[in-house]
Colleague: 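Below is one structure. I have some questions about it.
Computed from a prediction, not measured in an experiment: that's the story for all the values here.
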Amino acid sequence: MERALYVCTECGGGSAQWLGRCPSCGNFGTMREERKESSRAEGCETSAEPLRMMDLGTDAPRLLVGIPELDRVLGGGAVPGSLILLGGEPGIGKSTLLLQAAFSLASSKSRVLLVSGEESAAQIAARARRTGTFHPDIYLLCETDLEAVINAARKANPQVVVVDSVQTMRCTELESSPGGITQLRECVLRLQALARETGAAVFLVGHVTKEGVLAGPRLVEHMVDCVLYFEGERFDSLRVLRAVKNRFGSVSEVGIFEMTDVGLREVEDPSLHFLGRRDEQVSGTAVSVLMEGRRPLVVEIQALVVPSNLPMPKRVSAGIDHRRLAVDVAVLERKGQIRLSDRDVYVGISGGLKASEPALDLGLCAAVASSRQDRPLPRGSVFLGEVSLTGEVRPVSRLEDRLQEASRLGFKTAVISDGARLRNRLPEMELIKVRDVREAVTRFVLKRDLENGSS
Ligand code: TYD
Ligand code: MG
């Protein structure tokens, strides 16, 4: 086979000649010439002996970091010898999270080596003191030369190595610049070898660009065992840690943190956190339950509907998917008979969360209609339903889990689809079934009986 001379910087796909468009991922202008030295790893001549499964030992015990939200997302602690990528936008709190992890590990007598190519030792120490994560036994190394990092790691023999960030590391043997695909791949390969050889769990910090891909290639994601993303709005304190790949656990776990002035704090009861204070019922708010991975979260949807004098009234959303809003507004207008074509509609979701789940449709419609009519929805009720383009209210996934969470927080009534089937009923919760948006709006916003109220 011909050796690839040009490599795509996005997906790592190769080609023998230069192409304007990558044949693997279809991106334009991403093919770069590959330096020869990086292909040294090819052509291994040793023959390999297959293992029988029965000859394999038992798994090495997992290393608990001691931050339960992080351990859960990892699938029950870090696996020794594994490579874990922590991705996120700059400034989201990756360094802070891993510093806190290092502190927690050191406190339970694990040896931790913290490598930073971005900050000086003095900066890290200052942050550690400020956030109460200063530990005398954490090893620090401020270095961008990967060779030096690996030698130091072999000498210190830590159980956990943190490399912040993988994009700043460079192999001096390679001529290409740090952060480039060749460098990145080589660095990850060597760190992987280090992890396998020493049995240390290696955390790599990776910066993510605005478009949400790891700066440089997706390639790194394929090479590591576990990919975690740390997400949140820069001006909001909420942070969600999500696993998008995990060779040793489920990817439906999320960890929820809050950024405070003394570092990250785990949010123990997220629903309570998002719901805020609810003393009196005001118009334009509806409560619904969304799923973050396997976790139901009770959230408040807020809507503000105001007269518009624009030819194209505004539809502005913070946190809720824009297309969902546009569709739900159109359905409300046409099927729910709530006039919105001369109104600006603003909607938001509590706590800086992001949601694109169809299960929020009914709550969104209820909040918008409630604001439009300036009538509050009934107290203590949650709205759970998908709304189709025909205005029909459809059942949502994992209804039981969502109801359970709402009930736990004291909600007494749930408005759901009349097509919903429940295996276990919650005795303390009244279920009100609706067929379509029109019925929901009529009953809960216009507060008329369907039979008497004809409009
Ligand atoms: P950082 O962990 O450096 O982000 P990353 O490594 O992902 O780039 O965190 C940076 C932001 O977090 C910074 O803008 C300030 C904020 N922050 C706090 O609000 N409180 C704190 O205690 C710390 C350490 C940081
Ligand atoms: Mg950082």
Colleague: Run the side-chain contact (heavy atoms from CB on, under 4.5 Å) test on L86 and F230 for me, step by step, so that the C-alpha distance in whole Å, both residues' side-chain angles and the decisive distance to 0.1 Å come before the verdict.
Modeller: CA-CA 7 Å; L86 175 65; F230 207 30; 4.2 Å; yes
Colleague: Take L191 and L146 through the side-chain contact (heavy atoms from CB on, under 4.5 Å) test and state the conclusion after the steps.
Modeller: CA-CA 9 Å; L191 288 166; L146 193 72; 4.0 Å; yes
Colleague: Rounded to the nearest 0.5 Å, what separation is found between the CD atom of E197 and the CZ atom of R190?
Modeller: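 Answer rounded to 0.5 Å: 12.5 Å.
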Colleague: Please find the pair of heavy atoms, one from G385 and one from V393, that lie closest to each other, and give the distance.
Modeller: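 In terms of heavy atoms, the two residues are closest at CA-CG1, 4.1 Å.
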Colleague: So, does R239 use its side chain to make a donor-acceptor pair with the main chain of I92 at under 3.5 Å?
Modeller: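 Yes: the side chain of R239 pairs with the backbone of I92.
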Colleague: Could you tell me the separation between the CG atom of L360 and the CG atom of L353, rounded to the nearest 0.5 Å?
Modeller: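 It is 10.0 Å, given to the nearest 0.5 Å.
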Colleague: Any side-chain to backbone donor/acceptor pair from R21 onto G26? Under 3.5 Å, distance only.
Modeller: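 Yes; judged by distance alone, with no hydrogens or angles, the pair exists.
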Colleague: Taking side chain as C-beta onward, heavy atoms only, is D328 less than 4.5 Å from V347?
Modeller: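 Of all side-chain heavy-atom pairs linking V347 with D328, none is under 4.5 Å.
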Colleague: Testing E292, R294, R242 one by one against E253 for a side chain to side chain contact (heavy atoms under 4.5 Å, CB included), which residue passes?
Modeller: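 Answer to the side chain to side chain contact (heavy atoms under 4.5 Å, CB included) test with E253 among E292, R294, R242: R294.
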Colleague: Would D225 and R196 count as a salt bridge (charged side-chain N to carboxylate O under 4.0 Å, His left out) here? Give the steps.
Modeller: CA-CA 12 Å; D225 300 305; R196 305 281 188 258; 3.4 Å; yes
Colleague: When you measure from the side chain of Q302 to the backbone N and O of T285, does any donor-acceptor pair fall under 3.5 Å?
Modeller: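 No, Q302 side chain to T285 backbone: no donor-acceptor pair under 3.5 Å.
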Colleague: Quick check: closest heavy atoms across E268 and P270, and the distance to 0.1 Å?
Modeller: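 What the structure gives for the nearest pair is O-CD, 3.3 Å.
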Colleague: Salt bridge between R295 and E405, side-chain N to carboxylate O under 4.0 Å?
Modeller: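 No, no charged N to carboxylate O under 4.0 Å.
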Colleague: Regarding K412 and E428, does a basic nitrogen lie under 4.0 Å from an acidic carboxylate oxygen?
Modeller: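 Salt bridge absent between K412 and E428.
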Colleague: Looking at R127 and E119, is any side-chain nitrogen of the basic one under 4.0 Å from a carboxylate oxygen of the acidic one?
Modeller: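 Judged by the 4.0 Å cut-off on N to carboxylate O distance, E119 and R127 do form a salt bridge.
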Colleague: Whether the side chain of D71 engages the backbone of V65 through a donor-acceptor N/O pair (distance < 3.5 Å, no angle test) should be reported.
Modeller: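 Present.
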Colleague: What verdict does the side-chain contact (heavy atoms from CB on, under 4.5 Å) test give for D164 and L114, after you've listed the backbone C-alpha separation in whole Å, the side-chain angles of each residue and the deciding distance to 0.1 Å?
Modeller: CA-CA 8 Å; D164 187 1; L114 213 60; over 6 Å; no
Colleague: Hey, does the side chain of K94 reach the backbone of E89 with a donor-acceptor pair shorter than 3.5 angstrom?
Modeller: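 Present.
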Colleague: Does any non-hydrogen side-chain atom of L74 lie less than 4.5 Å from one of C226?
Modeller: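 Side chain of C226 against side chain of L74, heavy atoms only: contact under 4.5 Å found.
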Colleague: Are F383 and I301 packed together at the side-chain level, in the sense that at least one heavy-atom pair is separated by less than 4.5 angstrom?
Modeller: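 When only atoms from C-beta onward are counted, I301 and F383 do not touch, as no gap falls below 4.5 Å.
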Colleague: Quick one: CG on L297 to CG on L272, what's the gap to the nearest 0.5 Å?
Modeller: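 So the gap between those two atoms works out to 12.0 Å.
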Colleague: Measuring only between side-chain heavy atoms, which start at C-beta, is Q183 closer than 4.5 Å to C171?
Modeller: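 The answer is yes; the side chains approach within 4.5 Å.
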Colleague: Is there a side-chain hydrogen bond (donor to acceptor under 3.5 Å, both in side chains) between E118 and S165 once you walk through the steps?
Modeller: CA-CA 7 Å; E118 303 197 335; S165 68; 2.9 Å; yes
Colleague: Starting at OG1 of T168, measure out to CD of E143 and round the result to the nearest 0.5 Å.
Modeller: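 One gets 10.0 Å once the value is rounded to the nearest 0.5 Å.
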Colleague: How close do I138 and T133 get, heavy atom to heavy atom, and via which atoms?
Modeller: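 Looks like CD1-O, 4.3 Å.
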Colleague: Using a strict cut-off of less than 4.0 Å between a Lys/Arg side-chain nitrogen and an Asp/Glu carboxylate oxygen, indicate whether E357 and R402 qualify as a salt bridge.
Modeller: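 Yes, this pair counts.
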Colleague: Rounded at 0.5 Å granularity, tell me how far CG in L194 sits from CG in L189.
Modeller: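 Taking CG in L194 and CG in L189, the distance rounds to 12.5 Å.
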Colleague: Between L422 and L403, does a side-chain contact (heavy atoms from CB on, under 4.5 Å) hold up when you go through it step by step?
Modeller: CA-CA 10 Å; L422 277 171; L403 289 176; 3.9 Å; yes
Colleague: Can you check whether E400's main-chain N or O pairs, donor with acceptor, with R423's side chain at less than 3.5 Å?
Modeller: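 No, R423 side chain to E400 backbone: no donor-acceptor pair under 3.5 Å.
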Colleague: How far apart are the closest heavy atoms of V289 and P296, and which atoms are they?
Modeller: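 Closest approach of V289 to P296: CG1-CB, 3.9 Å.
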Colleague: Hey, does P158 have a side-chain heavy atom less than 4.5 Å from the side chain of Y139?
Modeller: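 No, every pair of side-chain atoms sits at 4.5 Å or beyond.
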Colleague: Which heavy atom in S82 sits nearest to a heavy atom in F248, and how many Å separate them?
Modeller: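 Taking S82 first and F248 second, the nearest heavy atoms are CB-CE1, 3.6 Å.
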Colleague: Are side-chain heavy atoms of I124 and S116 found at a separation under 4.5 Å?
Modeller: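 A side-chain contact exists here, since the closest heavy-atom pair is under 4.5 Å.
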Colleague: Checking S104 side chain against Q100 main chain: does a donor-acceptor pair fall under 3.5 Å?
Modeller: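 Pair absent, no side-chain N/O of S104 close to backbone of Q100.
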Colleague: First locate atom CG of D321, then atom CD1 of I349, and finally report the distance between them rounded to the nearest 0.5 Å.
Modeller: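 The CD1 atom of I349 is 11.0 Å from CG of D321, to the nearest 0.5 Å.
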Colleague: Is a side-chain N or O of E266 found less than 3.5 angstrom from the main chain of E69, in a donor-acceptor match?
Modeller: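 Side chain of E266 to backbone of E69: a pair is present.
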Colleague: Can you tell if the side chain of L63 reaches within under 4.5 Å of the side chain of S110, non-hydrogen atoms only?
Modeller: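 Touching, per the 4.5 Å side-chain cut-off.
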Colleague: Ignoring hydrogens, what is the shortest heavy-atom contact between M31 and W18? Give both atom names and the distance.
Modeller: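 Reported closest heavy-atom pair: O-NE1, 3.2 Å.
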Colleague: Less than 4.5 Å apart, any side-chain heavy atom of I67 and any of L264?
Modeller: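 Side-chain contact under 4.5 Å: no.
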Colleague: Is there a donor-acceptor contact under 3.5 Å from the side chain of S381 to the main chain of T413?
Modeller: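 Answer holds: no.
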